[in-house]
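I have placed the structure first, in the form of structure tokens, so that the comments after it can refer back to it.
For the numbers below, each heavy atom of this structure counts, side chains included, while hydrogens, waters and symmetry mates do not. By convention in this document, chain letters (A, B, ...) are assigned in the order of the sequence lines, proteins followed by strands, and residues within each chain are numbered from 1.
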Amino acid sequence: MNDDSTNAWRMPSAPRGGSVRLSGRFWPTLRDAPADAEAVSHKLMVRAGLIRQLASGLYSFLPFGLRSLQRVTAIIREEMDRIGAQELQLPIMQPAEIWEATGRYGLDEQFRLEDRGGRAMVLGMTHEEIITWHAAREIRSYRDLPQSWYQFQTKLRDEPRPKSGILRVREFTMKDSYSMDTDEAGLARSYDAHAAAYARIFDRCGIVWYMVESDVGMMGGMGAHEFMAPSPAGEDTIARSPSGAYAANIELATSIAVEPEFGPIPDTPQAFDTPGIGTIEQLSAFTGLAPVRLCKSVVVVSDDGPVMALIRGEHTLHEKKLSHVIGRHRPAQPDEIRGWFGASPGSLGPVGVEGVRIVADTTIATGHYVTGANRDGEHLRGVVLGRDFVAEVADIRNVLPGEGCPVSGEPLDLEPVIEIGNIFKLGTKYSVPLGATYLSADGHEQPIIMGSYGIGPARVLAAAIEQRHDEAGIIWPKALAPFDIHMVLVGDATSPQAAFADQLFDQLSDAGFEVLLDDRPGTKPGEKFVEAELLGCPIRVTIGKRTLPDGPLEVQVRSGRERHEVPLEGAAAAIVELWGQLP
RNA sequence: CGGGACGUGGCGCAGCCUGGUAGCGCACCGGCUUUGGGUGCCGGGGGUCGCCGGUUCGAAUCCGGCCGUCCCGACCA
């Protein structure tokens, strides 16, 4: 991104918290992280006095943490406004009947309650229903479109398992926006505008991110992308080619799998004894064939009965991909399997199976494989799809690292990531059931074509910390730090250096910086330094007895902890310049 | 929902196995000391040992139930 707001420092247009003298302020830091904190961002945010936990998945933002959160939201707001979206605010508590209209009432994650009159209410986990309800009442004509509306609002989700501090919580603020267009071309424009805004937002936040293809689920297949920040703490995985030609959530990633040397195809499957062989590893060792030459038969139970899924030996079954083919399903129990196939799970195969749906991975469609014979201790070699059995063919395998990129052929990398944003082409999923229609130019009533777009500001902070920290603490990107400059005063309030620090504090503040001046009396210098590094503001300035009367002034850049010495004369200007040079 | 672990002062932990009336470090308060990398010394305050019940003369400790929190997996519009 060449946006000058990324690198050059300038007075932000959004209001910010201003400079602060630390003495008397509320900033509780911790020497040790709580024992139940696991993720780096969780530990550091608690230790650095940014957040505190109230209960599982419920966190309070403390003053300094709130400052960073407000910096993220200010950036998001600027970029949403820039693409012409309008901010509004929708209720958190909502009548259940609106959710009944879209079939989303009663989801496991939904918090439900009743008002005193016994009316069923929900706490909003997202706001598609509500925005569409309003659109249905206010949008009448194609002349009213397109629209993009957004808000920052609390979402409540009864997560089965909150975790990793602020990364997976039950209550959080989301920036959610919704686009309304007359047709798919308009949706594509709104979608692209959001994608571009998101790129600017995450660039300005100074984090590493990818835009990846994501699963549309049952949304109608109109397209969706996720914005992912690479981090070991991430809960999602993406497959990505090194050049960036292709990037997709593992849930829908495809690959060019290895093509093995099959050798001559036998005329007919040949049975052979495999006593005690029940796993791919054992079968590979026993036959001397690599796992790519073997076929795994995995049995699941769908709503319509048992299904046999076939994948190659080196792969694992991707249950989400399979569910796109057969719908909801669960793993079969061993005794169920013996009842249907007459053999144990380790000896199953597709040949001779009748009355059971068979889904084969695309890799199985070529070549011939070793499969189970549906008799314990016996396998078949030379099994060919189409000749020896019939099956539906679909991509149902997990992508493996190193497999070919479907676009460029490069070896794919698999990377854990934190989802920080997503964009969805909803189409008419909500506008039809809620009756959100407009009258077209030729007088026909048409459903509004919608998109929805989310960002989790707190996740952006956590991702930044996951990506940028060292053993001493956080290394904030310039745009997200609670303060730009952290001044450490060594000396008491009556010392000459205190007077000098006051003067510099005012100069830097007047120059547009947000400055934290650590003027706490009776706090040891070492403690101030340690806490400054824990908090991680981009620049630290130390004023002590060494500073006066002739300088130099010590300025430390948090990233890399390199020290600069600047003359007292024109110190503020020198710091402004140093700031401009920081990435 | 399945598996695992933990719950003792604000934070980190010991004590539990082998029951006898609670301890350490940090933090906090007072004093002296120190003043450029969590200073040193002295003296203090603070804990129904998650909750309920049981066993026992006596329970932080043993037994049962419940609650809470974290981790792995499942789930995730």
Quiz item: In chain order, what residues pass the ring-ring contact (aromatic ring centres under 6.0 Å, His included) check against A/F500, with sequence neighbours excluded?
Solution: none

Exercise. Looking at every strand, decide which applies to A/E531 at a 4.0 Å heavy-atom threshold: base, sugar-phosphate, or nothing.
Key: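 Base, at least one base atom sits under 4.0 Å.
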
Quiz item: Touch check for A/R52, heavy atoms < 4.0 angstrom, all strands: base, sugar-phosphate only, or nothing?
Solution: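 No contact.
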
Self-check item: Ionic contact status for A/D470 with A/R558, cut-off 4.0 Å
Solution: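 Result for this pair is yes, salt bridge flagged.
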
Quiz item: Is any NZ, NE, NH1 or NH2 atom of the basic residue among A/E415 and A/R240 found under 4.0 Å from an Asp or Glu carboxylate oxygen of the other?
Solution: no

Quiz item: With distance as the sole criterion, is a donor-acceptor pair present between the side chains of A/Q153 and A/H127 under 3.5 Å?
Solution: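 There is no such pair (donor and acceptor under 3.5 Å, judged by atom type) between the side chains of A/Q153 and A/H127.
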
If we call it a pair only when both distances are under 3.5 Å in a Watson-Crick or G-U wobble match, what pairs with [N]?
N     : value
B/A27 : none
B/G2  : B/C72
B/G20 : B/C57
B/G7  : B/C67
B/G37 : none

Using the [atom1] atom on both, measure [N] against [M] and round to a whole Å.
N     : M     : atom1 : result
B/G15 : B/G20 : C1'   : 14 Å
B/A5  : B/C63 : P     : 14 Å
B/A59 : B/C76 : C1'   : 44 Å
B/G7  : B/U61 : C1'   : 15 Å
B/C16 : B/A60 : P     : 14 Å
B/U8  : B/G45 : P     : 23 Å
B/G64 : B/U55 : P     : 15 Å
B/U35 : B/G25 : C1'   : 24 Å

Could you tell me how far apart [X] ([atom1]) and [N] ([atom2]) are, to the nearest whole angstrom?
X      : N     : atom1 : atom2 : answer
A/R520 : B/G38 : CZ    : P     : 14 Å
A/K43  : B/G12 : NZ    : C1'   : 12 Å
A/Q556 : B/G37 : CD    : C1'   : 10 Å
A/K528 : B/U39 : NZ    : P     : 13 Å
A/R47  : B/G10 : CZ    : C1'   : 16 Å
A/R546 : B/G37 : CZ    : C1'   : 10 Å

Self-check item: Residue pairs, two or more places apart or on separate chains, that pass side chain to side chain donor-acceptor pair (under 3.5 Å) and touch residues 527-536 of chain A
Solution: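 Every pair satisfying side chain to side chain donor-acceptor pair (under 3.5 Å) with a residue in residues 527-536 of chain A: A/T29-A/E531, A/R520-A/E531, A/E533-A/R540, A/E533-A/Q556, A/E533-A/R561.
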
Quiz item: Which pairs count as side chain to side chain donor-acceptor pair (under 3.5 Å) when at least one residue sits in residues 493-504 of chain A, sequence neighbours excluded?
Solution: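 Listed once each, the pairs are A/R21-A/D502, A/D492-A/T494.
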
Residue list, side-chain contact (heavy atoms from CB on, under 4.5 Å) with [X], at least two apart or on another chain:
X      : answer
A/A120 : A/A96, A/Y105
A/A33  : A/K43, A/R47
A/V307 : A/V300, A/S302, A/I326, A/R357, A/V359

Exercise. State which residues pass side chain to side chain donor-acceptor pair (under 3.5 Å) with A/K321; sequence neighbours excluded, sorted by chain then number.
Key: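 Partners of A/K321 under the side chain to side chain donor-acceptor pair (under 3.5 Å) test: A/D395.
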
Quiz prompt | Results of side chain to side chain donor-acceptor pair (under 3.5 Å) for A/W476 - residues two or more places apart only | solution = none

Exercise. Encode nucleotides 68-76 of chain B as B, S and - characters from 5' to 3', where the letter depends on protein heavy atoms closer than 4.0 Å: B to the base, S only to sugar-phosphate, - to neither.
Key: -SSSBBBBB

Self-check item: Most 5' of A/P34 and A/T126 on RNA chain B, judged by nearest nucleotide
Solution: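 By nearest-heavy-atom nucleotide position, the 5'-most residue is A/P34.
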
Are any protein N/O atoms closer than 3.5 Å to N/O atoms in nucleotides 26-32 of chain B? If there are, list each pair with its distance.
residue : atom : partner : partner atom : Å
B/C26   : O2'  : A/R31   : NE           : 3.2

Exercise. Would you jot down, in residue-number order, the residues of residues 452-459 of chain A having a non-hydrogen atom under 4.0 Å from RNA chain B?
Key: none

Quiz prompt | Ring geometry between A/H194 and A/Y453 (parallel below 30°, tilted from 30 to 60°, perpendicular above 60°) | solution = parallel

Quiz prompt | All salt bridge (charged side-chain N to carboxylate O under 4.0 Å, His left out) counterparts of A/R119, not counting sequence neighbours | solution =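 Here the qualifying residues are A/E97.
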
Quiz prompt | Base of B/G37 paired with side chain of A/R563 (donor-acceptor, under 3.5 Å) | solution =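 Check passes, donor-acceptor contact within cut-off.
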
